[in-house]
There are 2 protein chains.
Amino acid sequence: MKLGEGVEAAIHCAATLASVEGNSTMPGAALAESFGLSPSYLLKHLNMLTAARILESVPGPAGGYRLARPAERITLLDIVLAIEGREPAFRCGEIRRNGPVKLDASAYVKPCGINAAMLRAERAYRAALAETKLSDIAADYAAEGDPRSFAASCAFVARHQRPQKSSSTPQNPKQM
Amino acid sequence: MKLGEGVEAAIHCAATLASVEGNSTMPGAALAESFGLSPSYLLKHLNMLTAARILESVPGPAGGYRLARPAERITLLDIVLAIEGREPAFRCGEIRRNGPVKLDASAYVKPCGINAAMLRAERAYRAALAETKLSDIAADYAAEGDPRSFAASCAFVARHQRPQKSSSTPQNPKQM
DNA sequence: CTATTGCAGATAAAATTTATCCACGATAAA
DNA sequence: TTTATCGTGGATAAATTTTATCTGCAATAG
């Protein structure tokens with residue numbers, strides 16, 4: 001069982017976007033630079049988050065990405081499902097039917113007990129993931145051991161976030 | 001997130017072996033035939049189960065596989081870990097360090113909150129898997145809807161199981 | 001001795017993940 | 001209106017992992 005690396009990237013990007021002000025955006029290229037990731041590949045993942053309505057995207061210069069809803073209403077499960085897909089990790093192949101003894105399909109009506117147990121476990125996994133909100137992760141960023149790391153992130157975000165025209169609250173880009 | 005197909009095969013094989021009598025064994029080739037699987041590849045998985053002390057193997061003619069301990073003391077988690085490996089599904093790449101701002105390692109002492117949340121979820125997953133015993137699965141085989149399927153499996157097992165010399169309880173191979 | 005079985009390693013085919021590139025539409029700013 | 005910046009989608013390729021096969025070897029019952 002393995003999770004793609006895109007999951008880690010997606011969570012970090014979302015957590016970073018959680019700290020941009022108002023409805024400002026941040027370009028995908030800046031996010032990629034922020035984590036030393038390949039920009040062209042990261043865009044694929046950001047796209048999936050957009051398709052899943054976790055992020056919003058604004059085209060054009062001064063465009064970029066922002067959260068589609070408050071970080072309190074985005075869970076790790078939302079992000080993991082958006083990146084990894086919604087199918088369960090275990091897929092029952094009904095291999096008992098493949099043996100030498102051919103029985104017709106009516107002999108296999110009851111749901112497979114193995115499948116049921118595996119799905120039960122995955123439900124527990126997803127329930128646990130649903131308990132962590134993106135806002136928790138963002139708070140962790142701030143509470144992290146050394147304040148230098150957090151300060152560096154903040155400066156990076158402040159430098160790259162782009163206020164949007166339709167903003168109701170005036171922005172202070174603070175170019176440095 | 002995806003589980004390899006070997007997991008399903010391994011669980012089915014173990015459940016089948018749970019119904020061989022005493023310390024009799026069943027050859028890998030028979031197990032493969034029983035599920036329509038490629039014998040040479042299934043052996044790889046059976047081998048992992050053997051390495052994990054879930055199965056025992058007996059070489060030579062009349063050899064084969066059997067459970068290394070009672071089915072009540074084998075859980076689905078044991079099998080999944082043996083096949084998929086013990087590493088967690090999420091591996092923290094510490095990508096926050098890869099950005100353009102270079103901080104020395106001392107700035108990242110605290111454990112990553114994302115990693116902690118993902119590992120918590122996986123612990124829940126594993127705990128759920130550990131609650132299902134192989135004996136439960138085997139019981140499910142018997143309780144399955146149509147008795148024809150179960151009868152066919154029993155006949156197949158009876159036909160292929162091989163009593164062992166060192167057996168303390170006399171066996172009845174029941175060749176048909 | 002011989003046939004059967006598990007075991008390890010090399011190898012290859014297939015599928016998936018990771019990554020790059022380019023043409024396109026949208027749009028803000030000059 | 002022009003230009004430069006940005007997200008989108010598709011095609012493509014490289015890298016890795018999974019799946020599968022084969023061969024030679026050791027063990028052992030008959």
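Below, read A as the first sequence line, B as the second, and so on, with proteins coming before strands; counting in each chain starts at 1.
Residue A:Leu43 contributes atom CG, which lies 12 Å from atom P of D:dG9 at whole-angstrom precision. Rounding to whole angstrom units, CG of residue B:Leu46 and C1' of C:dT5 are separated by 13 Å. One interatomic measurement links the two molecules: CZ of A:Phe35 to P of C:dT18, which rounds to 17 Å at whole-angstrom precision. Spacing between atom CD of A:Glu8 and atom P of C:dT17 amounts to 17 Å, rounded to whole angstrom units. Between the P atom of D:dG9 and the CG atom of A:Leu42 lies a distance of 16 Å, rounded to the nearest Å. Protein atom CG of A:Leu37 is 15 Å distant from nucleotide atom C1' of C:dT17, rounded to whole Å. Atom-to-atom, CZ of B:Arg66 to C1' of C:dG6 comes out at 13 Å; the value is rounded to the nearest Å.
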request  = For each nucleotide in nucleotides 15-21 of chain D, reading 5' to 3', give B when a protein heavy atom comes within less than 4.0 Å of its base, S when such contact involves only the sugar-phosphate, and - otherwise.
outcome  = --S-BBB
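Counting heavy atoms from C-beta on, the side chains of A:Thr25 and A:Val20 never come closer than 4.5 Å.
Looking at residues 47-55 of chain A, you'll see A:Asn47, A:Thr50 sit with a heavy atom under 4.0 Å from some atom of DNA chain D.
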inquiry  = Under the criterion side chain to side chain contact (heavy atoms under 4.5 Å, CB included), I'd like the reasoning laid out for A:Leu67 against A:Leu55: C-alpha separation, chi angles, the key distance, then a yes or no.
reply    = CA-CA 4 Å; A:Leu67 296 187; A:Leu55 301 186; 3.6 Å; yes
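Using a 4.0 Å cut-off between a side-chain N of Lys or Arg and a carboxylate O of Asp or Glu, A:Glu56 and A:Arg66 qualify as a salt bridge.
Classification of the B:Tyr125-A:Tyr125 ring pair by plane angle, with boundaries at 30° and 60°, yields perpendicular.
No hydrogens or angles considered: nothing links the side chains of A:Asn47 and A:Thr50 as a donor-acceptor pair under 3.5 Å.
The bend of the helix from C:dC1-D:dG30 to C:dA30-D:dT1, defined by the angle between the axes of its first five and last five pairs, stands at 10° to the nearest 10°.
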